[in-house]
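What you see is a predicted model, and the numbers here were worked out from it, not measured in a lab. What's counted below: heavy atoms across the whole structure, side chains too, no hydrogens, waters or symmetry copies.
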Amino acid sequence: DDNIKQVIGSLHKSTLRLHEIMDSMFDIAQIDARALQLHVQPVDTAALVRDVCNGLKKPLADRNLSLTLDLPPLPTVKADPNILRKVFSHLVNNAIKFTPNDGSIRVTGTVARPSKVDLPYGGVEIIVTDTGVGVDAEFHEMIFTKFYQPGVLGKHSTSQSRFKGGGAGLGLALSKGIVEAHGGRIWVESAGHDEAKLPGSQFHVLLPLTKQEESKTIPMGGGVKMEIGKTKSQVSS
């Protein structure tokens with residue numbers, strides 16, 4: 001019966017969403033207790049981001065958003081790929097959620113130069129840019145705290161792709177904890193919040209590179225150029 005199928009489908013979707021929220025809360029608890037276990041291996045961040053974005057074709061199509069990946073070949077980083085994947089999933093999902101229909105999202109990458117302060121061997125920086133409503137300067141730090149939700153009144157946590165839809169308020173806090181557990185940094189840049197002018201946001205993830213053994217070159221991943229959404233998907237890597 002079609003009605004029963006619809007009910008079962010909604011139950012299944014809600015159960016998966018609940019599982020995701022509980023999984024995030026478990027990860028947050030581990031981060032707070034400094035007990036997050038990382039299974040570190042060389043990770044091609046461009047390929048990892050590509051895989052994340054390939055799984056978001058439906059919400060992009062539902063909102064008529066375009067997603068462009070323009071990632072050059074980048075050095076591999078020492079990271080836990082399964083946990084790091086959650087960071088980029090949250091960032092791109094957030095970009096979808098806070099970008100109006102017909103907008104665009106762009107993911108780019110670059111190699112960060114060595115710095116005596118926090119990047120002795122350089123790093124890899126991934127930037128998620130959107131044409132959304134933006135973030136007020138006073139909230140640039142607050143959005144990375146647990147359970148923070150902008151305009152929470154009247155919101156619920158059942159939609160991940162609806163424009164300005166509510167959530168559990170864990171995604172950015174979890175992303176910050178994961179990035180910092182890898183020795184990196186995450187931050188946002190935005191001219192402010194404006195639902196008419198749409199200044200957009202840039203979320204930066206900076207992951208450190210590690211010292212290479214003598215006589216060994218730095219392993220490089222493959223570059224990724226991909227477009228999903230308004231135009232026909234094109235991939236080259």
Side-chain angles (χ1 to χ4, degrees), residues 27 31 38 43-53 56 65-81 83-99 103-146 148 150 167 169-194 198-210 221 223-226:
D27 286 340
I31 289 169
L38 301 178
V43 175
D44 180 350
T45 50
L48 187 146
V49 172
R50 177 198 61 205
D51 292 345
V52 167
C53 293
L56 297 173
L65 299 171
S66 66
L67 170 62
T68 302
L69 271 74
D70 189 3
L71 297 163
L74 298 168
T76 59
V77 299
K78 293 291 183 67
D80 185 320
I83 293 179
L84 191 60
R85 190 185 312 273
K86 297 179 183 181
V87 173
F88 298 111
S89 178
H90 283 303
L91 292 182
V92 178
N93 268 306
N94 262 16
I96 292 172
K97 188 183 295 185
F98 291 101
T99 300
S104 61
I105 301 164
R106 186 178 183 86
V107 184
T108 55
T110 186
V111 178
R113 293 181 177 180
S115 166
K116 293 181 179 179
V117 178
D118 55 356
L119 296 174
Y121 306 108
V124 168
E125 185 174 354
I126 303 295
I127 305 167
V128 180
T129 303
D130 63 57
T131 58
V133 298
V135 183
D136 278 335
E138 61 183 305
F139 298 124
H140 283 192
E141 296 292 334
M142 191 178 296
I143 60 174
F144 292 100
T145 59
K146 289 179 292 186
Y148 173 78
L170 293 172
L172 289 179
L174 177 59
S175 298
K176 184 175 187 290
I178 290 173
V179 171
E180 290 181 349
H182 284 86
R185 293 191 293 118
I186 182 172
W187 69 95
V188 63
E189 295 178 357
S190 177
H193 179 274
D194 192 317
L198 302 174
S201 304
Q202 285 189 339
F203 282 85
H204 298 250
V205 174
L206 182 59
L207 299 168
L209 295 173
T210 56
V224 174
K225 290 186 180 295
M226 179 171 75

Indicate every side-chain donor-acceptor pair of residues 135-145 with a distance under 3.5 Å to a residue at least two apart or in another chain.
| unit_1 | atom_1 | unit_2 | atom_2 | d |
| --- | --- | --- | --- | --- |
| Asp136 | OD1 | His193 | N | 3.0 |
| His140 | NE2 | Val135 | O | 3.1 |
| Thr145 | OG1 | Met142 | O | 2.6 |

With side chain to side chain contact (heavy atoms under 4.5 Å, CB included) as the test, would you mind laying out the steps for Val77 and Leu209 before giving the verdict?
CA-CA 6 Å; Val77 299; Leu209 295 173; 3.8 Å; yes

Evaluate side chain to side chain contact (heavy atoms under 4.5 Å, CB included) for Val92 paired with Cys53, printing each intermediate quantity in order.
CA-CA 8 Å; Val92 178; Cys53 293; 4.3 Å; yes

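- Nearest heavy atoms, Pro81 versus Leu48: O-CD1, 3.5 Å.
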Between Thr45 and Val205, does a side chain to side chain contact (heavy atoms under 4.5 Å, CB included) hold up when you go through it step by step?
CA-CA 11 Å; Thr45 50; Val205 174; over 6 Å; no

When you look at Ile186 and Glu180, which way does the side chain to side chain contact (heavy atoms under 4.5 Å, CB included) test go after all the steps?
CA-CA 8 Å; Ile186 182 172; Glu180 290 181 349; 5.6 Å; no

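- Pro199 and Gly134 get closest at one heavy-atom pair: CG-CA, 4.2 Å.
- For the ring pair (Phe, Tyr, Trp, His ring centres under 6.0 Å) test, no residue two or more places apart in sequence or in another chain qualifies with His90.
- For Gly221 against Thr76, the heavy-atom pair with the smallest separation is N-CG2, 4.2 Å.
- Under the side chain to side chain donor-acceptor pair (under 3.5 Å) criterion, Asp27 pairs with Lys86, sequence neighbours left out.
- With hydrogens and angles ignored, the 3.5 Å screen pairs a side-chain donor or acceptor of Thr99 with a backbone N or O of Ala95.
- Contact of the Leu67 side chain with the Ile96 side chain is not registered, since no non-hydrogen atoms from C-beta on lie closer than 4.5 Å.
- Of all non-hydrogen atoms in Leu206 and Glu125, the two that sit nearest each other are CD1-CB, 3.9 Å.
- Heavy atoms only, all atoms of each residue included: Ser201 and Val188 are closest at CB-CG2, 4.2 Å.
- Of the possible donor and acceptor atoms, one in the side chain of Ser190 sits under 3.5 Å from a partner among the backbone N and O of Gly200.
- With Val107 as the partner, the side chain to side chain contact (heavy atoms under 4.5 Å, CB included) test is satisfied by one option alone out of Val52, Val49, Leu91: Val49.
- For the residue pair Ile178 and Ile31, the shortest heavy atom distance occurs at N-CD1, 3.9 Å.
- Remark: Arg185 engages Asp118 in a salt bridge (Lys or Arg N to Asp or Glu O under 4.0 Å) (not counting sequence neighbours).
- Evaluation of the salt bridge (Lys or Arg N to Asp or Glu O under 4.0 Å) rule for Asp70 yields Arg106, Lys225 as partners, not counting sequence neighbours.
- By the salt bridge (Lys or Arg N to Asp or Glu O under 4.0 Å) test, Glu189 pairs with no residue at all, sequence neighbours left out.
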